[in-house]
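Reviewing the structure listed below.
All residue numbers in this chain count up from 1 along the given sequence. None of these values were measured; they are calculated from a predicted model. Every heavy atom of this structure was used, including side-chain atoms; hydrogens, water molecules and symmetry mates were not.
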Amino acid sequence: MSLVASRHSSREKVGRADGLLVADGRFGDSGAIAERNMARFVLGLRLLAHKDTRHQEVLRRLSLLSREQLLPLLGDPVLRNAFEDDIVKLENGHTGALGLGDLASRLSLDPDGQGPCERMATPHVRPWPEHGPAWLWTEMSPADRVPGELSARLRRLYDGSIEGGPTADPVIPTPEMCRRLTRGADLLTRLLPQVGPSVLRHVSVVGFTRGESADGPLQSLSGGDPLPSAVLMAPEQLADPWTAAETLLHEGVHLKLFDALRSGALLRDADLSVPIPWRQTPWRLVRVLVALHFYVHMLVFQEAARHADDTLRTEFGEPPAGEVVDEVSPDTEAARNGTHGSSLERARYLAGYVLGLPEDRLTPDGRRFMHWLLEALHLVHQDSGVTPPAGVAGVAPVPQPALPEGAVAGRSASALARPLPERGELLLVNTDTAAMHWLNARSWLIYSLCDGRDVGSVRGEYARRAGVDSEAARTQVDACISELTAAGLLR
């Protein structure tokens with residue numbers, strides 16, 4: 001094969017991997033992820049209004065805002081942190097004071113397209129307005145725009161996300177830094193025209209700092225619950241557009257997965273301890289999947305950079321000759337053996353470990369997640385040493401005792417619902433336990449039929465509408481009713 005043909009073939013594989021990484025409706029499609037998060041946010045606000053009677057009105061009013069009005073609030077670091085904190089409290093049976101309602105009651109929530117924290121940024125800069133509503137952490141001046149408490153809360157979240165003490169103050173970006181950041185985002189979206197915009201839309205705020213991390217000077221980090229939807233990076237990451245683009249991909253990928261996992265679990269034992277050859281301390285299994293998700297995206301990025309066309313090279317310069325990854329920790333297996341120093345080696349190890357686990361450690365979504373990632377990896381590295389699992393079907397369910405024909409199935413009064421008809425999904429929350437449950441089209445149909453009719457009638461109507469035989473209807477209906485009853489959504 002000629003050099004030109006080889007480059008064309010490699011670019012074609014990168015293009016296919018780029019498309020595959022945004023195609024999955026659960027983990028890749030940013031639009032679908034955003035819709036699920038919006039549904040969860042609205043239903044969560046209704047739940048909080050039900051629980052926090054002192055602030056019921058403001059929370060109910062928030063839940064009735066349009067999608068466009070809610071988006072900047074959902075992306076606001078302080079409001080999102082308060083929301084997630086309240087939901088966790090309710091899930092854990094906490095009966096004390098909740099924070100979001102009190103905070104919202106003291107803020108002006110006029111639908112002006114900006115969240116409360118964003119209003120403080122002076123000057124106001126949006127680095128990639130064509131791809132998402134992210135804003136830059138510039139001078140944060142509350143003045144008369146927001147209560148001073150909001151600024152104090154934002155700083156507490158910032159301080160809780162990084163180490164370093166006084167030297168870790170936010171670095172106010174210069175106009176040149178802003179230009180370099182936008183240039184890095186431009187390169188990312190042109191190099192990976194589907195993945196790039198997809199990850200950038202999950203970033204709400206970008207800030208700069210020179211903090212410390214457990215592994216040395218901070219290069220970059222993405223906020224989870226402590227600083228939601230935020231990316232912090234050292235100014236040095238803007239030294240060249242390739243590093244800036246890689247940094248935005250790295251942290252944007254983490255934020256995207258953080259949002260995706262709000263609507264489903266991948267693991268049945270997220271806290272399982274996993275030995276990591278290049279680190280001295282083990283990782284939790286959930287961190288293994290997060291890292292694998294990142295490494296697969298990074299390997300696609302590296303392959304795209306390696307085969308970047310002349311137009312990109314002329315405009316942005318030559319991509320780095322070698323891969324830059326964080327160094328292995330001293331006195332580890334990898335340090336002694338000179339191994340696991342590349343993204344591919346690490347992805348191979350992490351994927352191999354997960355694939356070697358008993359099948360029931362992963363949920364059906366977890367198996368789908370692995371298949372999706374490894375299919376993308378296989379496109380750009382057929383010699384990766386790992387291949388996608390043969391299938392993504394779930395473990396066969398444990399047979400349930402048949403429900404009595406005359407048993408009556410009715411929906412619980414303690415359930416709140418939020419339909420996503422375009423996705424064929426229904427989100428339910430049990431107001432007693434605060435647990436959220438996602439129903440697919442089949443489960444949604446069964447749930448809708450549980451209107452006080454007997455189980456035999458539910459089976460018969462389900463068989464007719466779903467086009468299945470009586471035995472399949474019995475199996476599917478009985479398993480679903482048993483699960484929904486155990487969750488307190490049916491009585």
Side-chain angles (χ1 to χ4, degrees), residues 30 33-34 37 41 70-85 88 99-100 103 107 114-129 131-142 146 150-164 168-173 177-178 181-182 184-185 188 198-213 218-235 237-238 244-262 290 294:
S30 287
I33 294 170
N37 271 283
F41 197 50
L70 270 175
L71 276 175
L73 305 183
L74 178 60
D76 184 88
V78 171
L79 293 184
R80 179 73 178 270
N81 173 265
F83 172 81
E84 301 294 352
D85 190 49
V88 169
L100 181 61
L103 181 62
L107 292 174
Q114 296 182 15
C117 288
E118 184 179 0
R119 292 189 199 126
M120 293 190 289
T122 308
H124 180 259
V125 179
R126 286 190 169 174
W128 47 80
H131 299 303
W135 51 277
L136 288 191
W137 188 312
T138 52
E139 290 280 3
M140 302 303 284
S141 306
V146 297
L150 185 79
S151 178
R153 287 179 70 124
L154 179 61
R155 182 56 196 245
R156 286 199 298 271
L157 296 182
Y158 171 91
D159 289 340
S161 299
I162 61 175
E163 305 169 11
D169 284 339
V171 173
I172 306 304
M177 290 169 63
C178 297
L181 180 68
T182 297
L188 173 60
S198 177
V199 300
L200 290 179
R201 70 180 294 178
H202 291 272
V203 181
S204 290
V205 55
V206 178
F208 297 93
T209 184
R210 288 192 174 91
E212 293 289 327
S213 71
L218 175 72
Q219 294 181 335
S220 64
L221 65 82
S222 52
D225 282 333
L227 192 63
S229 305
V231 169
L232 297 179
M233 67 172 72
Q237 297 299 104
L238 302 176
E246 183 176 312
T247 302
L248 289 171
L249 175 68
H250 181 169
E251 305 306 347
V253 158
H254 285 329
L255 292 178
K256 181 177 177 179
L257 184 59
F258 177 83
D259 283 340
L261 294 186
R262 290 305 186 183
V290 169
F294 155 67

Query raised in the report: Residues in side-chain contact (heavy atoms from CB on, under 4.5 Å) with Ser151, at least two apart?
Result: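 Ser151 satisfies side-chain contact (heavy atoms from CB on, under 4.5 Å) with Met120, Pro142 only.
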Query raised in the report: Taking only residues two or more places apart in sequence or in another chain, which ones pass side-chain contact (heavy atoms from CB on, under 4.5 Å) with Ala244?
Result: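 Only Leu238 meet the side-chain contact (heavy atoms from CB on, under 4.5 Å) criterion with Ala244.
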Are any non-hydrogen side-chain atoms of [X] and [Y] less than 4.5 angstrom apart?
{"X": "Phe294", "Y": "Leu257", "value": "no"}
{"X": "Met233", "Y": "Leu248", "value": "yes"}
{"X": "Leu136", "Y": "Cys178", "value": "yes"}
{"X": "Phe208", "Y": "Leu181", "value": "yes"}
{"X": "Arg155", "Y": "Pro170", "value": "yes"}
{"X": "Phe41", "Y": "Leu71", "value": "no"}
{"X": "His254", "Y": "Val290", "value": "yes"}
{"X": "Phe83", "Y": "Val78", "value": "no"}

Query raised in the report: Can you tell me if His202 and Ser30 form a side-chain donor-acceptor pair at under 3.5 Å?
Result: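 His202 vs Ser30: donor-acceptor pair found between side chains.
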Requested in this report: Establish, from distance only, whether the side-chain atoms of Gln237 and Thr247 form a donor-acceptor pair under 3.5 Å.
Outcome: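 Looking only at side-chain atoms, Thr247 and Gln237 do form a donor-acceptor pair, the distance falling under 3.5 Å.
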Sub-3.5 Å donor-acceptor pair from the side chain of [X] to the main-chain atoms of [Y], do we have one?
{"X": "Ser222", "Y": "Leu255", "result": "no"}
{"X": "Ser229", "Y": "Pro77", "result": "no"}
{"X": "Trp137", "Y": "Val205", "result": "no"}
{"X": "Thr138", "Y": "Thr122", "result": "yes"}
{"X": "Glu251", "Y": "Val231", "result": "no"}
{"X": "Asp85", "Y": "Asn81", "result": "no"}
{"X": "Tyr158", "Y": "Ala168", "result": "yes"}
{"X": "Ser204", "Y": "Ala230", "result": "no"}

Nearest 0.5 Å, what's the [atom1]-[atom2] distance between [X] and [Y]?
{"X": "Leu79", "Y": "Glu84", "atom1": "CG", "atom2": "CD", "answer": "11.5 Å"}
{"X": "Leu232", "Y": "Gln219", "atom1": "CG", "atom2": "CD", "answer": "14.0 Å"}
{"X": "Asn37", "Y": "Phe258", "atom1": "CG", "atom2": "CZ", "answer": "8.5 Å"}
{"X": "Met140", "Y": "Glu118", "atom1": "CE", "atom2": "CD", "answer": "9.0 Å"}

[X] and [Y]: which non-hydrogen atoms are nearest, and at how many Å?
{"X": "Cys117", "Y": "Asp76", "answer": "N-OD1, 2.7 Å"}
{"X": "Leu107", "Y": "Pro116", "answer": "CD1-CG, 3.9 Å"}
{"X": "Met177", "Y": "Pro235", "answer": "CE-CB, 3.9 Å"}
{"X": "Pro226", "Y": "Pro228", "answer": "C-CD, 3.7 Å"}

Query - Partner of Ser161 by side-chain contact (heavy atoms from CB on, under 4.5 Å), out of Asp225, Leu227, Leu218 - result: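 By the side-chain contact (heavy atoms from CB on, under 4.5 Å) criterion, Ser161 pairs with just one of Asp225, Leu227, Leu218: Leu227.
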Requested in this report: Apply the test side chain to side chain contact (heavy atoms under 4.5 Å, CB included) to residues Asp169 and Thr209: give CA-CA distance (whole Å), side-chain angles for both, the deciding distance (0.1 Å), then the verdict.
Outcome: CA-CA 6 Å; Asp169 284 339; Thr209 184; over 6 Å; no
